[in-house]
Structures are given as structure tokens and as C-alpha cells.
Protein chains: 2
Amino acid sequence: MSDLGKGRGTRSTTGGRPALRKGPAQRGLTDVSLDRVVEGDCIELLRGLPAGSVDLVFADPPYNLQLGGELLRPNNSRVDGVEDAWDRFDDFASYDRFTRDWLAAARDALSDDGSLWVIGSYHNIFRVGAILQDLGFWILNDVIWRKSNPMPNFRGKRFTNAHETLIWAAKSKDSRYVFNYESMKALNDDLQMRSDWTLPLCTGGERLKDAEGRKVHATQKPEALLWRVLLAASNPGQLVVDPFFGSGTTGAVAKRLGRRWLGFEREADYAAAARKRIARVQPLGPEELETIRPRRAEPRIPFGWLVERGLIEPGTQLFDPSRRWTAKVRADGSLISSEHRGSIHQVGAAVQGAPACNGWTFWHLDVEGRAVPIDLLRQKLRAEMH
Amino acid sequence: MSDLGKGRGTRSTTGGRPALRKGPAQRGLTDVSLDRVVEGDCIELLRGLPAGSVDLVFADPPYNLQLGGELLRPNNSRVDGVEDAWDRFDDFASYDRFTRDWLAAARDALSDDGSLWVIGSYHNIFRVGAILQDLGFWILNDVIWRKSNPMPNFRGKRFTNAHETLIWAAKSKDSRYVFNYESMKALNDDLQMRSDWTLPLCTGGERLKDAEGRKVHATQKPEALLWRVLLAASNPGQLVVDPFFGSGTTGAVAKRLGRRWLGFEREADYAAAARKRIARVQPLGPEELETIRPRRAEPRIPFGWLVERGLIEPGTQLFDPSRRWTAKVRADGSLISSEHRGSIHQVGAAVQGAPACNGWTFWHLDVEGRAVPIDLLRQKLRAEMH
DNA sequence: ACCCAGTTTGAATCTGCAC
DNA sequence: AGTGCAGATTCAAACTGGG
């Protein structure tokens with residue numbers, strides 16, 4: 001694991017400074033303490049992590065369903081079921097305290113460019129979202145998990161509750177968070193991935209059962225959901241922490257996708273089931289893990305290099321797709337049109353009267369009667385340079 | 001209007017005691033004060049309503065978007081964002097105060113069995129939802145408006161923000177709120193209506209424009225959305241109040257559906273446009289309240305979903321029927337061949353040197369020695385997703 | 001009347017590195 | 001922290017105009 005935090009284990013959206021990014025191992029976490037389920041209170045355990053050591057948090061906290069009174073105080077004592085408005089306020093207040101505590105601890109553990117996902121339902125997600133914002137998290141998206149096979153509303157008193165909500169938030173407004181745009185686009189047939197994801201509930205062979213055939217965990221999340229989350233917002237080698245580990249879906253998918261992971265779980269039974277489950281997971285090899293490389297991450301090639309390398313001759317006439325404007329290439333890689341001179345981008349913007357222009361895709365040259373974007377020459381040069 | 005609050009104007013879900021339910025006229029509101037747009041501050045106007053006089057509140061409050069500078073599309077055209085003064089707040093605390101004030105006033109105005117809808121985005125909806133709960137409202141559903149034609153994310157930095165969230169809440173836990181289960185089921189091809197509604201944005205002839213062709217209101221809601229809300233949660237003759245009336249969609253649909261209505265609006269321009277709009281609306285006759293059934297399209301299944309769902313493993317070798325070309329599946333659903341990488345369609349086209357290719361029928365995989373087109377897996381998945 | 005190609009537009013927290 | 005600039009980035013629908 002000597003390459004933790006290097007290579008693919010870095011942000012893919014910028015391409016800059018990959019060697020400078022620290023992996024978990026450089027941030028006070030050793031191999032032996034990673035890829036494990038730790039039993040205990042998630043708030044204490046989160047507080048025990050080195051500040052800034054975590055790249056991604058995925059959290060599936062208790063939903064505070066006001067049905068069975070399964071509500072826990074920060075000290076893990078159980079709150080009794082309550083009826084009237086005063087007690088309900090007490091109820092929410094205690095849920096809010098708990099939420100604030102674990103979110104604040106998670107925020108401290110996150111690196112500056114790390115991000116956090118929380119999943120919830122209308123019972124708790126509004127409180128979680130508001131507290132997130134109060135703590136300085138910067139919401140990037142709310143994402144809807146649209147269940148293709150939800151439980152119907154048996155009594156016919158409400159709409160079928162057919163979705164859950166995920167919030168994706170960066171540590172701060174200025175964060176340079178990881179978003180693997182191209183991978184998400186690839187996953188969605190070359191269309192931008194939207195904020196609504198249609199996925200089925202976790203059923204069938206994926207659902208963990210005990211010896212008597214009872215489900216091990218009441219709210220086991222489908223692996224497809226975590227697949228999308230981890231692929232979108234982390235890179236191989238980065239550290240993913242799940243403070244409410246449960247049946248270990250986050251760990252199973254993290255292992256498969258080559259991410260480092262840590263799971264916190266209070267209940268020994270869940271922890272044991274998760275360990276057993278994850279031990280069976282086969283990690284993908286580097287080739288399968290390789291995804292579409294974002295153009296932003298490709299090495300920068302100045303236009304002048306094409307001239308220098310003889311891929312384009314000084315004096316060559318360039319034109320835009322509509323052939324309304326032309327410009328000539330000069331020896332230093334600058335362009336000159338009838339009224340403007342400067343870089344391919346500057347002249348492209350100037351002739352159009354636009355505020356900006358990507359000269360690589362705007363300017364074309366004539367190759368045997370066909371208009372070819374100069375970006376094609378750049379790709380050729382890149383291939384030559386490996 | 002002597003039958004206000006009787007007959008159809010009663011809850012349909014219980015069937016009990018219809019004659020005892022009061023209509024607006026019995027609760028201190030006269031005909032002359034109804035079905036009107038009132039200009040002024042919504043909090044004061046809500047406070048001025050007799051307690052318990054309102055059957056349904058629909059609210060589309062400012063979202064507090066906190067937009068930065070200007071945003072350009074890839075073609076350099078400028079996005080016409082929400083820059084109106086009414087959407088600007090100093091900070092979360094002042095937005096929260098505003099929200100608490102209008103929600104508290106709305107709650108007092110609501111009858112005990114009345115309910116409230118609020119629409120918002122991730123910028124504000126979590127704060128609204130938490131405050132709702134703090135005030136004693138009882139959330140019945142959160143409903144997702146899934147936009148069929150959302151604005152893309154132009155910079156590729158996030159998921160396409162393709163939905164908005166509505167919260168539907170009763171005045172209290174014990175409320176006997178109106179829910180027209182059968183109407184909703186009928187609207188949905190005799191299936192229970194789910195909590196996610198797919199509807200297009202308000203465009204075309206429905207969108208109000210001024211003399212210069214500019215949109216009258218930055219955020220006009222589609223009538224189809226209000227149609228569903230009013231049909232679900234109110235009965236003819238009941239009173240619907242919209243404290244952020246804007247372009248008057250709530251009033252237009254309420255009039256058409258035979259509901260009484262009241263709209264509060266601070267801006268005189270909006271109020272005038274709404275009055276003009278609603279004057280043109282023809283109320284439906286009792287028999288016409290039958291609705292058009294929405295058409296259901298076959299769901300699109302991107303190839304990546306097969307990978308995500310475990311129907312095809314990353315690393316799987318694909319080949320064409322003639323077995324001249326092969327390619328490998330990667331974790332994000334893209335393919336890689338010896339010379340090309342991209343979507344199933346792109347790589348299929350590239351290896352053949354063809355301009356286009358249907359990857360679904362071109363690529364096959366080996367199942368027990370037999371070549372099976374990947375389209376078969378798609379059909380399998382589609383069947384699982386209805 | 002229809003078709004096709006090009007243009008416009010929508011509640012948007014929308015760049016990142018070098019100097 | 002501020003400035004300059006390379007260069008990356010869009011989907012569904014409705015509308016417009018010419019043939």
C-alpha cells in the first residue's frame with residue numbers, strides 16, 4: 001500500500017499536483033487501522049480520527065421514525081415514546097443534539113476537500129440538512145433515491161413513500177471536492193447524471209439473512225446505491241468512513257472499488273455480519289477500476305507546441321465551423337485575424353464578441369477539403385507523448 | 001354560494017359526519033373577500049385571517065438561492081437566473097425567522113383538519129421542514145417534483161439539479177386531513193400515486209410573458225403540479241390560500257377545479273398579471289372533473305446501470321457477433337478496447353470505423369459458451385423496474 | 001399543412017491554476 | 001487574497017423560419 005494517496009488516489013477533476021495530495025497513510029492513519037469495522041459509539045470514534053484524515057463520509061443515521069420510540073440520546077440511552085407537543089419538542093431537540101454532535105465530529109475528521117453523504121427520510125432529513133448548513137457544510141446536491149419497488153401505502157391515507165433523500169455536502173463553500181463527472185456521465189449513457197436515481201430496494205441474494213432466514217438488518221442499503229456514491233465522490237485509494245455501518249454495504253462496495261474504508265458500529269451482531277460479508281468481497285483489478293479519464297486531468301498542451309513540432313505550419317489559415325471568421329497561425333503559436341491578435345482562445349472570443357472561447361474546439365483547419373478541429377492535432381500530440 | 005363547505009366540500013377519505021364540516025363562509029369569511037388577490041405582506045395578511053378558516057395552504061416561498069456571479073452556458077449565452085430582491089436574505093438566521101413567522105401564521109389560519117404544502121429546493125427546504133416540525137405540523141409526505149426537462153449543470157461540477165421537493169403536512173398529528181386517494185389512483189393508471197411526480201417545467205403558452213416577451217415571473221410553477229396538489233388534498237368549495245401568490249398558478253387551478261381561493265402578493269406587478277390570468281380561466285363543470293391519464297414511457301436504461309446492479313461484472317469481455325472485435329467493461333460502464341474507450345455505442349462505432357452503432361445489439365457476452373447480446377440483460381433489468 | 005434545421009431557454013448556491 | 005487567463009462545459013422542449 002505504498003502508493004496510498006498517489007496516482008489514482010487523487011482528485012480526478014483537476015489533474016494538477018497529484019503528488020502533493022495526501023492519502024490516509026500520510027495523515028496519521030496506518031494500514032492496520034484501516035479497512036476494519038470498529039465497535040463503539042460513532043461520535044467518540046469520529047472524534048478519535050486525526051483531523052482532516054478522511055476523504056469521504058457516508059452516513060445512514062437513525063431516521064427517528066416516530067413509531068416505535070427507537071430514539072437514542074447522545075449517551076445511547078433510549079428515549080421513551082412520547083405523545084404531546086412538549087415531549088415531541090424534547091424528542092426533536094435530543095435528535096438534533098445527537099445529529100449536531102456526529103456531524104461536527106465528521107466535519108473535523110474530513111479533509112478540507114472531503115465531502116459527506118447522508119441518507120434519510122422525511123422523518124429526519126430536514127433536521128439533518130438544516131444542521132449541516134448551520135455547521136458550515138456546503139450542500140452540493142440533494143439526491144433522490146427513487147425506489148422502483150417501494151412498499152405500498154396499505155391504508156391509502158398518503159402517497160406511496162417511494163423515495164429516500166440523500167444530501168451531498170462539501171466541508172465548506174470553497175472546497176475542491178471530488179466529483180467524477182465523466183464517470184457519472186458514462187454510467188448514464190453519455191448524459192449528465194441527474195439528481196434522481198431509480199434503484200430497487202435491497203432484496204434477493206444481496207440481502208443478508210441469519211440462520212433462521214430473518215433479515216440481519218432492517219434497512220440494509222443496496223450496493224448499487226453505494227456504487228454510485230463512491231464512484232462519484234471518491235477516488236481509488238481514498239478513505240471512506242461510515243459511522244453507522246450496520247450491515248456493511250459501504251465497506252463491501254468500498255473494498256470492491258479499491259477504496260480504503262472504516263466502519264463504526266455499536267451493535268456487535270451487525271459488526272460481525274458485516275465483517276463476514278466483506279471478507280467474501282473480491283476487489284476489482286486496476287484495469288476494471290480504470291474509468292474514463294476527465295479531459296481536465298490530461299496534461300496541458302500549449303497550442304504553440306503544435307507549431308514547434310511541425311504538426312501545424314505557420315501561415316496556416318484557421319476558420320470556425322460556420323466559416324464566418326478566419327485567422328492565421330504565426331510562428332509563436334499566436335493567431336492573427338483581420339482585427340485581432342493573441343492566443344487561440346483570445347482571438348476566438350474577440351472575433352465572436354464573446355466573453356470567452358475554447359479555441360481548441362472553435363478553430364478548424366482544412367485537411368483534404370474537410371474541416372478538422374485543431375483539438376484533433378492536440379490529441380495526436382498527446383498520444384505521441386503518452 | 002349557500003352550499004359552501006357542504007356536499008363535495010367535505011373530506012372524502014373518512015365518509016363520517018360530512019354535514020358537520022364548516023366551509024369558509026361559516027368561519028368568518030364572506031364571499032366578497034374570497035377568490036381575490038390581496039396585495040401586501042403575507043405574514044400580516046395571514047394573521048388577519050380568522051383562526052381555523054383555511055382548508056389548504058399552498059406556499060412557494062423564496063428559496064434563498066444565494067447565487068454568485070453570472071453563469072454562462074457552453075455557447076456563452078447567459079443564464080437568466082433569479083436576481084430578484086425578494087429572494088435575498090442576510091443569512092440563515094433571518095431566513096429562519098421569516099419562515100417561522102409565516103408558517104406559524106399559516107398554522108393559526110388553518111382549520112384543525114387542514115393541511116399545508118410547501119415547495120422548495122435544497123437551498124431552503126431543510127430549514128422549512130425542520131421549522132415545520134418544530135411548530136407542531138405533522139409531515140404526511142415529502143413529494144419529489146421530478147422535472148422531465150431540467151436545466152443541465154453547465155460546468156459539470158455537480159449532478160443535474162433535476163427536482164424540487166414539496167412537503168405535505170397536517171396541522172397536527174391527530175388531524176383528519178383530506179386525501180383523495182381514489183382520485184390520485186385514477187390519475188396514475190389505477191396504481192397508488194407515488195411520492196415522486198414526473199412533470200415538465202412551465203414553458204410554452206402556459207408561461208406568462210410581458211409585452212416584450214420576457215417572463216413575468218422568474219419561477220412560475222406548472223399548472224399540472226397544482227392540479228395534483230389541489231385534487232389530492234382539497235375538495236370543491238374548500239378554501240385554498242397561497243401566501244406567495246406570484247403569477248397566480250394556485251388561483252388559476254383552484255378556480256378551474258371549483259375551489260375557493262385567496263392569494264397574497266407583495267408585488268403589484270405580479271398581482272396584476274395574476275388577476276388578468278385568472279379572469280380568463282373557465283371553471284370546470286362537475287362532470288368535467290375527470291382527468292386525463294398521463295402517458296407512461298418505457299424507462300431508459302443506461303448500460304452503466306447493469307454494472308452498478310451487478311448484472312454484468314467489471315472486467316467482462318464483450319465481443320461482436322463475428323468475434324472480430326472485443327472490449328472490456330469498466331466500473332463506470334464505459335468500455336475499453338485495444339484502441340478506443342467510451343460508451344458501448346462509441347466504442348462499437350469506433351472499432352468498426354462506422355459513424356454510429358447500437359451498442360446494445362452489437363456487443364455480446366459469453367454465457368455458458370453462447371454469445372448473448374447485452375440487450376438481453378437490459379430487458380431483464382427493465383422487467384425488474386416495471 | 002408538414003418537415004427539418006437551427007435557436008432559445010429553464011429556481012443554478014456551476015473553474016482552477018499560476019503568479 | 002487578488003488578478004489573469006487557459007480552457008472546460010448542456011438536455012429537453014418549445015419556438016422560428018425556410019423549403
For atom NZ of Lys215(B), is the number of surrounding heavy atoms from other residues, nucleotides or ligands below 6.0 Å larger than 12? yes

| field | Plane angle bin for Trp197(A) and Trp117(A) - parallel if under 30°, tilted between 30 and 60°, otherwise perpendicular | value | tilted

Check: When all nucleic acid strands are considered with a 4.0 Å heavy-atom cut-off, which category describes Pro222(B): base, sugar-phosphate, or nothing?
Finding: nothing

(message) Under 6.0 Å from the ring centre and within 45 degrees of the ring axis: does the NZ or CZ of Arg266(B) meet both conditions for the six-membered ring of Trp86(B)?
(response) no

Taking the six-membered ring for Trp, are Phe319(A) and His364(A) parallel (under 30°), tilted (30 to 60°) or perpendicular (over 60°)? parallel

task: Using a heavy-atom cut-off of under 4.0 Å over every strand shown, decide if Pro150(B) touches base, sugar-phosphate, or nothing.
output: base

Need one value for Arg73(B): base, sugar-phosphate or nothing, where a base atom within 4.0 Å counts as base even if backbone is also close, heavy atoms only. base

Cationic tip of Arg127(B) within the cone over Phe92(B)'s six-membered ring, i.e. under 6.0 Å and within 45° of the normal?
yes

If only side-chain N and O atoms of Lys147(B) are considered, is one of them under 4.0 Å from the OP1 or OP2 phosphate oxygen of dA13(D)? no

Pairs under 3.5 Å (Watson-Crick or G-U), crossing ones as [ ], inter-strand ones as |: DNA chain D comes out as .|||||....|||||||||

- Query: Taking the six-membered ring for Trp, does Trp138(A) stack with dT13(C) (centroid gap under 5.5 Å, planes within less than 30°)?
  - Reply: yes

Using atom names, set out every protein N or O paired with an N or O of nucleotides 17-19 of chain D below 3.5 Å, distance rounded to 0.1 Å.
none

